[in-house]
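Please read the structure below before turning to the comments.
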Amino acid sequence: QAFLAKAESRALFWQRPSLRLLLPAPSSVMASQGATLQNYNNELVKSIEDLREKREEVNRQILKEEEDKAKIQKELAILTDRLQKLNESLVRKTQARNEYDKTIQ
């Protein structure tokens with residue numbers, strides 16, 4: 001009897017001739033839904049924070065790779081210029097050698 005009195009104060013109480021159904025009171029359902037919604041919200045906030053951290057890490061990697069790329073492009077330009085000068089020198093020296101060969105024969 002005491003149990004039913006407590007149940008009636010916390011729940012909607014429906015009676016049928018041979019069946020009694022106890023349903024949670026609207027306030028407890030709403031509280032439960034609110035807690036569930038808060039859990040989803042907390043998980044969503046955590047997921048967004050994780051995504052932001054991952055984004056920042058990728059952004060740091062991008063910045064580092066862009067610096068490396070710029071450095072390599074500068075080095076490549078220097079090496080390309082050196083290669084061009086060496087090729088020009090080789091052409092001149094090969095022509096000179098060929099001239100010496102003609103003169104010697």
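Along the sequence shown, the residues carry numbers beginning at 1. The analysis underlying the following values was restricted to heavy atoms, covering all of them including side chains, and did not include hydrogens, waters or symmetry mates.
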* Nearest 0.5 Å, what's the CG-CG distance between Asn39 and Leu44? -> 12.5 Å

* Heavy atoms, side chains only, cut-off 4.5 Å: are Glu66 and Leu63 in contact? -> yes

* To do: To the nearest 0.5 angstrom, please state how far the CG atom of Asn59 sits from the NZ atom of Lys64.
  => 14.5 Å

* To do: Decide, yes or no, whether a salt bridge links Glu57 with Arg60 under the criterion of side-chain N to carboxylate O below 4.0 Å.
  => yes

Atom pairs and distances, donor-acceptor, side-chain atoms in residues 96-105, under 3.5 Å, two or more places apart:
from	atom 1	to	atom 2	distance (Å)
Asn98	ND2	Thr94	O	3.4
Thr103	OG1	Glu99	O	2.9

* Do Gln38 and Asn42 meet the criterion of a side-chain donor-acceptor pair at a distance under 3.5 Å? -> yes

* Asked: Say you draw a straight line from CG of Leu90 to CG of Leu83; how long is it, rounded to the nearest 0.5 Å?
  -> 9.5 Å

* Residue among Glu67, Glu65, Gln73, Lys71 satisfying side-chain contact (heavy atoms from CB on, under 4.5 Å) with Lys69 -> Gln73

Enumerate, atom names and distances included, each donor-acceptor pair closer than 3.5 Å involving a side-chain atom of residues 48-55, sequence neighbours excluded.
from	atom 1	to	atom 2	distance (Å)
Asp50	OD1	Lys46	NZ	2.9

* Could you tell me the separation between the CG atom of Asp68 and the CD atom of Glu75, rounded to the nearest 0.5 Å? => 9.5 Å

